[in-house]
Engineer: 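The structure's right below; bear with me while I get my questions together.
Labels below follow one simple rule: chain letters A, B, ... track the order of the sequence lines, proteins then strands, and each chain is numbered from 1.
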Amino acid sequence: MLDIKFLRENPDIVKQNIKNKFQEEKLPLVDEVIELDEKARKAQQEADNLRASRKKISKEIGALMAQGKKEEADAKKEEVSKNAKRLEELSNQEKELQEKVKKIMMVIPNIIDKSVPIGKDDSENVEIEKFGEPVVPAFEIPYHTEIMEKFNGIDIDAAGKVAGNGFYYLMGDIARLHSAIISYARDFMIDKGFTYCIPPFMIRSNVVTGVMSFAEMDSMMYKIEGEDLYLIGTSEHSMIGKFIDTITDEKELPKTLTSYSPCFRKEKGAHGIEERGVYRIHQFEKQEMIVVCRPEESPVWFEKLWKNTVGLFSSLDIPVRTLECCSGDLADLKVKSIDVEAWSPRQKKYFEVGSCSNLGDAQARRLQIRIRKEDGSKYFAHTLNNTVVAPPRMLIAFLENNLMEDGNVHIPEVLRPYMGGKEFLGQ
RNA sequence: GGAGAGAUAUCGAAGUGGUCAUAACGAGGCGGUCUUGAAAACCGUUUGCCUUCACGGGCACGUGGGUUCGAAUCCCACUCUCUCCGCCA
């Protein structure tokens, strides 16, 4: 969400940004919101004046009553009543206009970073850098569910009966591998100085609307029936929500947290053939990292964050690349975003395993996350988030890249302490 | 789930319809006086938001409504906290 003052003073920047994101349909909203905002402020000023006079007269009535001058007091009451209707009218107008302004401001996209490539959709995302050799082995790599089945590690059919499409049972060594990766990722981030955290897995609607755009909310979030609660789509939601309505002293920044949680997603929309198995599911587990920092530091943290993910995958012998989200593919709240993609030797291409985002002050403004400088002045923080690892999906990359010709799966050294010292799966 | 109590500034807490909300009183923080230094004592200071070029004005006593000329105070709903009982990993 943008600052209305910024929009008021820079309508052309906001409009150009909307064009850059290929959302032409939102262009008229800019002038509309400027007009509504002006009306709202006018209504407020007039209402404030009436309130001021009412306040003054009411005090006078109090004084008269105390002196027992009832008749004079009654006359004053009359005076207030005269303006009551107009004040109520203005109050309603004020409220209504302000709500309209807010509603529009919620859908006007955040100003994207200068470095973001302009493009319509995900097909125009730009590869930035490769890490590790994307090897294609001489032998054929089976589909990930087949590898898992070889180790009696997955039961999709049973999950289908129990919970429906988009769920899974992981079992035995595959399940253990899943937990091992989460534990390893947790310790990896703790070693980087992040504070480990287990957050609530459900959040209220005011947090939901604070951390994501409406489009995301609609396609992602599960609502609990009869209660004002949603299952989180990622722990970022409850982790950023942790700071709702807070004022933090600047010297306590940056806040660097790494959190574990299950994630629940509706995943509305069509799924292709490559999304079978555990690629796109309604429930998965994830280790996440979030940062709350000063605005001038957020670009530096952005770089640090995605490098953490690259570092983690590299330590598990999985080649990855970074892909910069183009303007059209960037969610409305985001300033800049990079996907980390893992190499699939089976598909001979990279696929998404993590996403690193700088939200600027958009979440902070919606959630009132403020920072107090030493001189007492305040500003909105910048927030960032990034996937450390989301194991069900990353297992695909792990199994494909560590599979050996004899059908065994090699366990990289760093993971062995979490796997009972095993060098190979099913050992 | 049942019964009760509560929510006021950094913390404790007073205020139960008007002249007590830049919020009594106490503590803490900050600045100062005194002191070789510290403690003590004393003096001063210490919420946020909206609006305005500014002067100023408005809003906020958990949240949202209502009653009233006027609400921290009365009424309704909701949220959260505490105590007791029940249930429970």
Engineer: Considering only NZ, NE, NH1 and NH2 on the basic side and carboxylate oxygens on the acidic side, decide whether A/Lys266 and A/Asp218 come within less than 4.0 Å.
Structural biologist: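 A salt bridge is absent here (no side-chain N lies under 4.0 Å from a carboxylate O).
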
Engineer: Describe the nucleic acid contact of A/Ile57 in one word from base, sugar-phosphate, nothing, applying a heavy-atom distance below 4.0 Å.
Structural biologist: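 The residue A/Ile57 makes no contact with any strand.
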
Engineer: What is the separation between atom CZ on A/Arg54 and atom C1' on B/rA71, rounded to the nearest whole Å?
Structural biologist: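 Taking CZ of A/Arg54 and C1' of B/rA71, I get 11 Å after rounding.
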
Engineer: Side chain of A/Ala52, heavy atoms from C-beta onward: which of B/rG57, B/rU79, B/rG48 has the nearest atom to it?
Structural biologist: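 Among B/rG57, B/rU79, B/rG48, the one nearest the side chain of A/Ala52 is B/rG57.
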
Engineer: With no hydrogens and no angle check, is any side-chain donor or acceptor of A/Ser327 less than 3.5 Å from a backbone partner on A/Asn20?
Structural biologist: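 Yes; judged by distance alone, with no hydrogens or angles, the pair exists.
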
Engineer: Round to a whole Å and report the spacing from OH of A/Tyr379 to C1' of B/rG48.
Structural biologist: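 It works out to 18 Å between those atoms.
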
Engineer: Nearest whole angstrom, please: distance from the P of B/rC49 to the CD1 of A/Ile369.
Structural biologist: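 Going from CD1 in A/Ile369 over to P in B/rC49 covers 15 Å.
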
Engineer: If you measure from the C1' atom in B/rG70 to the same atom in B/rU16, how many Å do you get, rounded?
Structural biologist: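 Going atom to atom, C1' in each nucleotide, I get 16 Å.
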
Engineer: What are the atom names and distances for every N/O pair under 3.5 Å that joins the protein to nucleotides 50-54 of chain B?
Structural biologist:
residue	atom	partner	partner atom	Å
B/rC50	O2'	A/Gln44	OE1	3.0
B/rC50	O2'	A/Gln44	NE2	3.2
B/rC50	O2	A/Gln44	NE2	3.3
B/rU51	O2'	A/Gln45	NE2	3.2
B/rU52	OP1	A/Arg41	NH1	2.4

Engineer: Taking the same atom, P, in B/rC75 and in B/rG6, what whole-Å distance lies between them?
Structural biologist: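 Taking atom P in both B/rC75 and B/rG6, they lie 12 Å apart.
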
Engineer: Would you say A/Lys378 places a side-chain N or O within less than 4.0 Å of OP1 or OP2 belonging to B/rG48?
Structural biologist: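 True: A/Lys378 side-chain N/O within range (under 4.0 Å) of B/rG48 OP1/OP2.
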
Engineer: Which is it for B/rC20, anti or syn, if anything within 90° of zero counts as syn?
Structural biologist: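 For B/rC20, whose glycosidic angle is within 90° of 0, the conformation is syn.
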
Engineer: Can you give me the dot-bracket string for RNA chain B, 5' to 3', counting Watson-Crick and G-U wobble pairs with both distances under 3.5 Å, using [ ] for crossing pairs and | for partners on another strand?
Structural biologist: ((((((((.[[[..)..(......]]]((((((.......))))))(((((....))))).[[[[[..)....]]]]])))))))....

Engineer: Could you give the NZ-to-C1' distance, from A/Lys55 to B/rU19, as a whole number of Å?
Structural biologist: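 Interatomic distance, NZ of A/Lys55 to C1' of B/rU19: 14 Å.
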
Engineer: Which whole-number value in Å describes the distance from A/Ile244 CD1 to B/rC80 C1'?
Structural biologist: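 In whole Å, B/rC80 C1' and A/Ile244 CD1 are 14 Å from each other.
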
Engineer: OP1 or OP2 of B/rU68 versus the side-chain N and O atoms of A/Lys77: is any pair under 4.0 Å?
Structural biologist: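 For A/Lys77, the contact criterion (side-chain N or O under 4.0 Å from OP1 or OP2 of B/rU68) is not met.
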
Engineer: The side chain of A/Ile61 is closest to which nucleotide in this list: B/rC49, B/rG58, B/rG18?
Structural biologist: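 Nearest to the side-chain atoms of A/Ile61, counting from C-beta on, is B/rG18.
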
Engineer: When the P atoms of B/rG32 and B/rA24 are considered, how many whole Å apart are they?
Structural biologist: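 Each nucleotide's P atom is 25 Å from the other's.
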
Engineer: Between A/Lys161 and A/Asp157, is there a salt bridge with N-O shorter than 4.0 Å?
Structural biologist: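 No, no charged N to carboxylate O under 4.0 Å.
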
Engineer: Using a strict 4.0 Å threshold on nitrogen-to-oxygen distance, state whether A/Lys15 and A/Asp31 make a salt bridge.
Structural biologist: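 A salt bridge links A/Lys15 with A/Asp31.
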
Engineer: Using the six-membered ring wherever Trp is involved, compare the ring planes of A/Phe167 and A/His282 and label them parallel, tilted or perpendicular (cut-offs 30° and 60°).
Structural biologist: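 Ring orientation of A/Phe167 relative to A/His282: tilted.
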
Engineer: Using atom C1' of each nucleotide, how far apart are B/rA9 and B/rU45 to the nearest Å?
Structural biologist: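 These two C1' atoms come out 14 Å apart once rounded.
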
Engineer: Heavy atoms, side chains only, cut-off 4.5 Å: are A/Leu7 and A/Ile108 in contact?
Structural biologist: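 Side-chain contact under 4.5 Å: yes.
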
Engineer: Pick the C1' atom in B/rC53 and in B/rC11, then give their distance to the nearest Å.
Structural biologist: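 My reading of the C1' atoms in B/rC53 and B/rC11 gives 40 Å.
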
Engineer: If we count only N and O atoms by modelled type, under 3.5 Å, do the side chains of A/Asn386 and A/Ser357 hold a donor and an acceptor together?
Structural biologist: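 No, because no side-chain N or O of A/Asn386 sits under 3.5 Å from a partner of the opposite role on A/Ser357.
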
Engineer: Considering only the P atoms, how many Å lie between B/rU52 and B/rG64, rounded to the nearest integer?
Structural biologist: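 Looking at atom P only, B/rU52 and B/rG64 are 23 Å apart.
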
Engineer: Can a donor-acceptor pair be found, under 3.5 Å and without considering hydrogens, that links the side chain of A/Arg393 to the backbone of A/Glu352?
Structural biologist: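 Answer holds: yes.
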
Engineer: If I pick the P atom on B/rC78 and the same atom on B/rU83, what distance separates them, to the nearest angstrom?
Structural biologist: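 Between the two P atoms, the distance is 23 Å.
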
Engineer: Within 45° of the six-membered ring axis of A/Tyr143 and under 6.0 Å from that ring's centre, is NZ or CZ of A/Arg276 located there?
Structural biologist: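 So A/Arg276 does make the cation-pi contact.
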
Engineer: Using a cut-off of 4.0 Å on non-hydrogen atoms, how would the nucleic acid contact of A/Lys95 be classed: base, sugar-phosphate, or nothing?
Structural biologist: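 Sugar-phosphate only.
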
Engineer: Please report the distance, rounded to the nearest Å, between CG in A/Asn92 and C1' in B/rG65.
Structural biologist: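 Distance check: A/Asn92 CG to B/rG65 C1' gives 13 Å.
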
Engineer: Where each residue is assigned the nucleotide of RNA chain B containing its nearest heavy atom, which of A/Arg372 and A/Arg51 is assigned the position nearer the 5′ end?
Structural biologist: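 That would be A/Arg372.
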
Engineer: Is any NZ, NE, NH1 or NH2 atom of the basic residue among A/Glu46 and A/Arg86 found under 4.0 Å from an Asp or Glu carboxylate oxygen of the other?
Structural biologist: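 A salt bridge is present here (some side-chain N lies under 4.0 Å from a carboxylate O).
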
Engineer: What is the distance, rounded to the nearest whole Å, between atom CG of A/Leu87 and atom P of B/rC69?
Structural biologist: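 Rounding to the nearest Å, CG of A/Leu87 and P of B/rC69 are 13 Å apart.
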
Engineer: Does a side-chain N-to-carboxylate-O contact under 4.0 Å join A/Lys255 and A/Glu250?
Structural biologist: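 Salt bridge absent between A/Lys255 and A/Glu250.
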
Engineer: Has A/Arg204 got a side-chain N or O lying under 4.0 Å from the OP1 or OP2 atom of B/rC80?
Structural biologist: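 For A/Arg204, the contact criterion (side-chain N or O under 4.0 Å from OP1 or OP2 of B/rC80) is met.
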
Engineer: Taking the P atom in each of B/rA39 and B/rA27, what is the distance between them to the nearest angstrom?
Structural biologist: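 Result for the P pair: 16 Å, nearest Å.
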
Engineer: Rounded to the nearest angstrom, tell me the gap between atom NZ in A/Lys59 and atom P in B/rG58.
Structural biologist: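 Checked: the NZ to P distance equals 9 Å.
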
